[in-house]
Number of protein chains: 2
Amino acid sequence: MPKESILVVDDDKEIADLVEIHLISDGYKVFKANSAKEGLEIFQHEDLQLLIIDIMMPEMDGLEMCEIVRQTSNVPIIMLSAKSTELDKIVGLGNGADDYVVKPFSPLELMARVKSQLRRFTTFNTTTNAKKNEIVVTNLRIDLENHNVFAYDKEVKLTPIEFKMLTLLASNPGKVFSTDEIFEQVWNEKIYEANNTVMVHIRRLREKVELNPRNAQLIKTVWGVGYKIEK
Amino acid sequence: MPKESILVVDDDKEIADLVEIHLISDGYKVFKANSAKEGLEIFQHEDLQLLIIDIMMPEMDGLEMCEIVRQTSNVPIIMLSAKSTELDKIVGLGNGADDYVVKPFSPLELMARVKSQLRRFTTFNTTTNAKKNEIVVTNLRIDLENHNVFAYDKEVKLTPIEFKMLTLLASNPGKVFSTDEIFEQVWNEKIYEANNTVMVHIRRLREKVELNPRNAQLIKTVWGVGYKIEK
DNA sequence: AAAATCCTTACGAAATGTTTACAAATAATA
DNA sequence: TATTATTTGTAAACATTTCGTAAGGATTTT
């Protein structure tokens with residue numbers, strides 16, 4: 001699953017590249033622009049979750065761009081600037097920006113602030129809209145917060161291990177997990193000698209989740225490889 | 001119309017006073033606390049729009065307080081700290097805080113960040129934010145103002161701890177709380193060693209609230225996880 | 001058919017939750 | 001203040017659920 005999309009606007013290509021590298025290594029999709037105008041072009045055509053904008057740019061500066069974006073969107077904006085004077089910060093934040101980082105900045109701090117802003121944005125968007133912290137795959141629904149599991153619209157009561165195992169499989173529908181992988185993910189331990197512990201739990205899961213456990217439709221066996229939940 | 005309410009938590013009274021002066025001059029309503037525990041007490045009784053919390057405090061520190069608040073609320077939190085190391089920032093932001101200001105800070109910058117956080121919060125919360133003084137879930141009704149509790153239309157007399165515990169569960173119907181979470185929320189203290197104090201209180205609550213305490217319908221057990229009140 | 005892999009069952013041990021009882025702490029009352 | 005009642009925390013006994021193991025059966029692959 002692709003994570004959030006982020007737009008980086010800076011006329012200094014080196015800095016834009018530096019930021020891009022860190023964002024990508026954190027799993028984000030990155031758009032780059034070398035001017036405010038180019039940045040606005042991208043903003044209007046892409047579905048962005050966060051903007052990182054340099055203040056000092058020729059032609060249109062970052063503050064103006066911020067204002068224009070704010071006319072139509074509440075997307076989080078982090079401003080970059082070489083000036084560390086207090087006035088700049090206030091202008092930046094008062095202008096509709098959500099955070100402010102001074103150059104030269106540490107990439108790790110910037111990443112932390114990116115994460116923080118995204119958390120805010122997505123948190124609010126999930127509370128106001130429908131609940132998003134649930135997993136739905138074909139005839140299976142897992143409510144993570146309420147710890148409820150529904151299979152074929154019937155609630156089933158799972159043990160902690162079963163819940164964790166099913167969540168693992170359902171979080172990556174289509175992906176095949178070997179018994180070793182499942183063990184390591186669920187028990188958080190390396191596996192040393194082979195045993196059929198995981199298989200027994202798969203059996204118990206099927207007993208609770210499948211219509212006909214002898215002919216499993218949700219949790220499928222991939223011979224010689226492992227188990228999966230069909231996408 | 002009174003503006004937003006803000007809670008300032010700092011064991012250093014001089015700093016709390018300084019911040020208060022600036023907040024008041026900007027038109028905010030201010031609550032002050034000198035410890036995390038006191039701050040949590042206020043948080044649970046007042047309708048706050050923003051929290052400013054010092055990290056370094058005796059007994060419970062600001063990060064722990066932040067965690068406890070985040071279990072039930074998305075209110076913006078700005079952390080204060082004397083340490084300006086990068087690690088601190090990341091820990092602070094990763095912990096659920098929304099912004100971070102290093103001491104000694106300039107009051108004007110803090111005010112700018114307050115304004116920025118409030119803008120975000122109120123923008124997203126334009127829909128509904130009325131404070132309820134009554135909680136109703138299935139066969140349970142809690143009158144917060146008069147401290148009355150009705151279960152199956154019969155009034156029950158609860159002790160302070162029982163009342164707080166039931167309110168916590170009923171305020172988040174469906175959400176599962178671990179015994180540790182319940183302890184932290186009700187006692188406003190970090191838990192150090194496991195004991196069954198919470199369980200005993202659950203038992204006593206069930207005795208008063210359930211039709212058949214041996215077969216609890218309101219307060220349900222989620223094995224290996226915690227307790228919840230069904231939505 | 002043989003080999004490899006997976007399924008099923010059952011049972012005891014371990015983990016977790018419940019209940020009860022009692023003493024300490026707190027609040028209410030005389 | 002002394003006395004009583006209520007609330008709260010702790011510990012131990014009890015009950016239930018969950019978990020891991022092993023062994024034999026079933027199915028698929030070679």
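Just so it is clear: chains get the letters A, B, ... in the order the sequence lines come, proteins before strands, and each one is counted from 1.
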| task | Take the protein atom CG of A:Leu205 and the nucleotide atom P of D:dT18, then report the distance between them rounded to whole Å. | result | 12 Å

| request: Give the ring-plane orientation class for B:Phe163 versus B:His147, where under 30° counts as parallel, over 60° as perpendicular and anything between as tilted. | output: parallel

| task | State, yes or no, whether a side-chain contact exists between B:Asp10 and B:Lys103 at a heavy-atom distance under 4.5 Å. | result | yes

| field | Closest to side chain of B:Asn196, choosing from C:dT18, D:dG9, C:dC7 | value | C:dT18

| In whole Å, what is the span from the CD atom of B:Glu162 to the P atom of C:dT26? | 17 Å

| query | Are any of A:His201's side-chain N or O atoms less than 4.0 Å away from OP1 or OP2 of D:dG20? | reply | yes

| query | Could you give the NZ-to-P distance, from A:Lys220 to D:dT28, as a whole number of Å? | reply | 14 Å

Protein-nucleotides 13-17 of chain C N/O pairs closer than 3.5 Å?
residue: C:dG17; atom: OP1; partner: B:Gly224; partner atom: N; Å: 3.2

| query | Is there a donor-acceptor contact under 3.5 Å linking the side chains of B:Thr197 and B:Asn195? | reply | yes

| Among D:dT21, D:dC19, C:dT19, the one nearest A:Ile161 by side-chain distance | D:dC19

| message | So that I can tick it off, tell me whether B:Asp98 and B:Arg70 are bridged by a salt bridge, with the cut-off set at under 4.0 angstrom between side-chain N and carboxylate O. | response | yes

| query | For A:Glu207 and D:dT18, what is the distance between atoms CD and P respectively, to the nearest whole Å? | reply | 14 Å

| query | Can you find a side chain N or O atom of A:Trp187 that sits less than 4.0 Å from OP1 or OP2 on D:dC19? | reply | no

| remark: Atom CG of A:Asn195 and atom C1' of C:dC7 are separated, to the nearest Å, by 15 Å

| field | B:Glu210 side-chain N/O to B:Asn215 backbone N/O, donor-acceptor pair under 3.5 Å | value | no

| request: Please say whether more than 12 non-hydrogen atoms of neighbouring residues, nucleotides or ligands are located less than 6.0 Å from CD in B:Glu155. | output: yes

| request: Determine: side-chain N/O of B:Thr159 to OP1/OP2 of D:dT8, distance under 4.0 Å, yes or no. | output: yes

| message | By nearest atom, which of the nucleotides D:dT10, C:dT9, D:dT8 is closest to the B:Val200 side chain? | response | D:dT10

| Do any side-chain nitrogens or oxygens of A:Arg203 fall under 4.0 Å of OP1 or OP2 in C:dT9? | yes

| said: In whole Å, I'd like the distance from the OH atom of B:Tyr192 to the P atom of D:dT10. | reply: 14 Å

| Within this structure, what is the CG-to-C1' distance between B:Asn212 and C:dT19, rounded to whole angstrom? | 14 Å

| query | Quick check: does any side chain N or O of A:Glu109 sit under 3.5 Å from a backbone N or O of A:Ser106, one acting as donor and the other as acceptor? | reply | no

| said: Taking the basic N atoms (NZ, or NE/NH1/NH2) and the acidic carboxylate oxygens, is any pair closer than 4.0 Å for B:Glu41 and B:Lys37? | reply: no

| field | N or O in side chain of B:Arg214 less than 4.0 angstrom from D:dA15 OP1/OP2 | value | no

| Counting any heavy atom closer than 4.0 Å, what does B:Arg204 reach on the DNA or RNA strands: base, sugar-phosphate only, or nothing? | base

| task | Take A:Lys157 and A:Thr197, find for each the nucleotide of DNA chain D with the closest heavy atom, and name the residue whose nucleotide sits nearer the 5' end. | result | A:Lys157

| note | Separation of C:dC6 atom P from A:Asn215 atom CG, nearest Å, is 18 Å

